[in-house]
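Each residue takes its place number in the sequence, starting with 1.
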Amino acid sequence: MGRLVPMLVVIGMCLLAVSPVVHSACFPAIFNFGDSTSDTGNLAASFPGFTPAEYPPYGDTYPGKPSNRYSDGRLLIDFIAQAYGLPFVDPYLQSVNSEFNQGTNFAAAGSTVLPVTYLSPFYLDIQLREYRTFKTNVQNVFNPPDGSVPDEAKKARLPSPEDFSTGLYTIALGGNDFTYGYTKGKTVLEVRDYLPQVIGNLTAAVKAHWGALPLKNCGVIFVVELFQSLYDYGGRNFVVWDIEPHGCLPYTLTLIPHTAADLDADGCLIAYNDNAKWFNEQLQIALADLRANLTNVNLSIFNTYKLKSELISANTTTNGFNFTTKACCGVPNEFNFDLRVNCGLSNVIDGVNLTAVKCDDPNQYLVWDGVHNTDAANKYLANQFFGGSYFDPPFPVTPEGCTLSAI
């Protein structure tokens, strides 16, 4: 195919470079690490013209044209920024029209936690190295090493050094570490075999040390030099996304041959959901250990698995989502999805021209393109984020003095 997989960009929502920066009373900045579920343009900036999200019908719902996001509209991270009164978080690698005075997005579509060659070269360690470089450069602008007077125009485009301690850190990674194995024909148990390393690297991102960690991934031994952690760099407010119910995604339901006996009452693959649940349980244990050894830190999991499971469950209200295991944009079939035809494209398969078309009403769908959420689903998730009941342990989503904006 001429275009690659997952990626995204944000255009607009900028502040004048020399205008005074008005910080949110909630969190002054957001620093995000992730994959296509939160990439606002890094992969597109790196490989322009090769990512589906650069083309219609991506962005049809909002802003009415492609914005390099893997959705018909906004991402969860967009709604979070909007509720906090912040502009959308610009991608770190976007060279033009980026404003970083209220945060930076290091997420890149296709990224993994482990250092594997998959859909993107920007695995977690690379994103953290970018963060370290960014923070060092910010400090040098505010306090020039040569003792010169700081450039006020440059300062206005950047977060203050204090924002790195008081800002919100969001980490939404790990899903591609599962699909990396599944697409290579690995069984659920073979994938589970390397998931402890995924958890180890995620926790190391929050608090680690300089050193070497052997990682076993699909029989290959990697030695990865650990970065100094976000906590050691001043971060104190962390939200880590857990893994959603993979067995309910049109992507997984299409990729994995199955029978009715493999499905639960909601039409989801039992074993693949169990794998996600096992990972989430182990991640919870690891983060609890980490919390016990840190001081003055807010570190919580945002339970997207529970949230989306409740939406999908036949025993609860659908909240307007009438299609939970079918893609809005895809090839018309049981799951509205075909691995060989990306949303908005056509491809000749076995002599037949197949086209992945958009549904009439994306608001009725949880899933946009077989993998990623619709704008409506992301808005629903954001409302639950600020409701506070899906965090473990509770997270102070509205610090003292914080007034949320409507989303």
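Residues R291 and L294 fail the side-chain proximity criterion, which asks for heavy atoms closer than 4.5 Å. The closest side-chain heavy-atom distance from V206 to S229 is not below 4.5 Å. The closest side-chain heavy-atom distance from T40 to I77 is below 4.5 Å. Residues L230 and F33 have side chains in contact (heavy-atom distance under 4.5 Å, counting atoms from C-beta outward). The shortest side-chain heavy-atom distance between V341 and L354 falls under the 4.5 Å cut-off. With contacts defined as side-chain heavy-atom distances shorter than 4.5 Å, the pair R340/D350 qualifies. Side chains of L283 and I301 form a contact here, defined as non-hydrogen atoms less than 4.5 Å apart. Between F100 and R157, every side-chain heavy-atom pair lies at or beyond the 4.5 Å cut-off.
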### Message
With disulfide bond (SG atoms under 2.5 Å apart) as the criterion, how do C329 and C359 come out once you've worked through the C-alpha distance, each side chain's angles and the decisive distance to 0.1 Å?
### Response
CA-CA 6 Å; C329 185; C359 64; over 6 Å; no
### Task
Run the numbers on F178 and N275 for side-chain contact (heavy atoms from CB on, under 4.5 Å), then give the verdict.
CA-CA 9 Å; F178 285 76; N275 223 23; 4.2 Å; yes
### Task
Please assess N293 against K207 for the test side-chain contact (heavy atoms from CB on, under 4.5 Å), listing each intermediate value before the final yes or no.
CA-CA 9 Å; N293 289 286; K207 178 74 174 95; over 6 Å; no
### Task
Might you work through the side-chain contact (heavy atoms from CB on, under 4.5 Å) test for T295 and Y231, ending with a clear yes or no?
CA-CA 10 Å; T295 57; Y231 180 87; 3.4 Å; yes
### Query
Could you go step by step and tell me if C328 and K358 meet the side-chain contact (heavy atoms from CB on, under 4.5 Å) rule?
CA-CA 6 Å; C328 168; K358 189 186 83 168; 4.0 Å; yes
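Every residue was checked against the salt bridge (charged side-chain N to carboxylate O under 4.0 Å, His left out) condition with K326, not counting sequence neighbours, and none meets it.
You'll find the ring centres of F238 and F395 outside the 6.0 Å limit. Taking the six-membered ring where the residue is Trp, the centroids of F164 and F31 are separated by under 6.0 Å. Aromatic pair F302/F385: centroids less than 6.0 angstrom apart. Ring-centre distance between F386 and Y84: below the 6.0 Å cut-off. Taking the six-membered ring where the residue is Trp, the centroids of Y182 and Y272 are separated by under 6.0 Å.
Between the side chains of S111 and D35, no donor-acceptor pair of N or O atoms lies under 3.5 Å. The closest side-chain donor-acceptor pair between Y390 and E310 falls under 3.5 angstrom. No side-chain donor-acceptor contact under 3.5 Å links T37 and H372. With no hydrogens or angles considered, a side-chain donor-acceptor pair links E54 and T51 at under 3.5 Å.
A donor-acceptor pair under 3.5 Å is absent between the side-chain atoms of D338 and the main chain of V331, judged by distance alone. Side-chain atoms of S120 come within 3.5 Å of backbone N or O of F122 as a donor-acceptor pair. Side-chain atoms of R236 never come within 3.5 Å of backbone atoms of T166 as a donor-acceptor pair (strictly under, hydrogens ignored). Side-chain atoms of T203 come within 3.5 Å of backbone N or O of G200 as a donor-acceptor pair. Checked by atom type and distance alone, the side chain of N280 pairs as donor or acceptor with a backbone atom of A276 at under 3.5 Å. Without hydrogens or angle criteria, Q94 side chain to V96 main chain gives a donor-acceptor distance under 3.5 Å. Remark: side-chain polar atoms of Q127 are paired, donor with acceptor, to backbone N or O of G34 under 3.5 angstrom. Panel note: side chain Y365, backbone A376; no donor-acceptor pair is recorded below 3.5 Å. Between the side chain of D163 and the backbone N or O of S160 there is at least one donor-acceptor pair closer than 3.5 Å. Of the possible donor and acceptor atoms, one in the side chain of N42 sits under 3.5 Å from a partner among the backbone N and O of A107.
Geometrically, R69 does not engage Y58 in a cation-pi contact, judged by NZ or CZ lying under 6.0 Å from the ring centre and within 45° of the ring axis. Geometrically, R74 does not engage F79 in a cation-pi contact, judged by NZ or CZ lying under 6.0 Å from the ring centre and within 45° of the ring axis.
Residue K306 holds its NZ atom at 9.0 Å from CG of D392, rounded to the nearest 0.5 Å. Here CG of L287 is found 5.0 Å from CG of L299. Values are rounded to the nearest 0.5 Å. Between the NZ atom in K277 and the OG atom in S309 there is a gap of 7.5 Å [rounded to 0.5 Å]. Between the CG atom of L158 and the CG atom of N140 there is a distance of 11.0 Å, given to the nearest 0.5 Å. Rounded to the nearest 0.5 angstrom, T170 OG1 and L173 CG are separated by 10.0 Å. Expressed to the nearest 0.5 Å, how far CG of D39 lies from CG of L93 amounts to 9.0 Å.
Scanning all heavy atoms of the two residues, the minimum distance from T374 to S71 falls at C-OG, 3.5 Å. The shortest non-hydrogen separation linking L339 to F337 is CD2-CE2, 3.5 Å. Heavy-atom minimum distance, P150 versus K155: CB-CD, 3.7 Å. In plain terms, the two heavy atoms of V89 and I30 that are nearest each other are CG1-O, 3.9 Å. N176 approaches Y118 most closely through the heavy-atom pair O-CE2, 3.6 Å. Between A327 and G370, the shortest heavy-atom contact is CB-N, 3.4 Å.
The residues D125 and R129 are annotated as salt-bridged, a charged nitrogen and a carboxylate oxygen being separated by less than 4.0 angstrom.
Applying the side-chain contact (heavy atoms from CB on, under 4.5 Å) test between F279 and each of D177, V198, V191, D242 identifies V198 as the sole match.
A disulfide is assigned to C248 and C268, since their SG atoms are nearer than 2.5 Å.
The number of heavy atoms from other shown groups lying within 6.0 Å of CG (D360) does not exceed 12.
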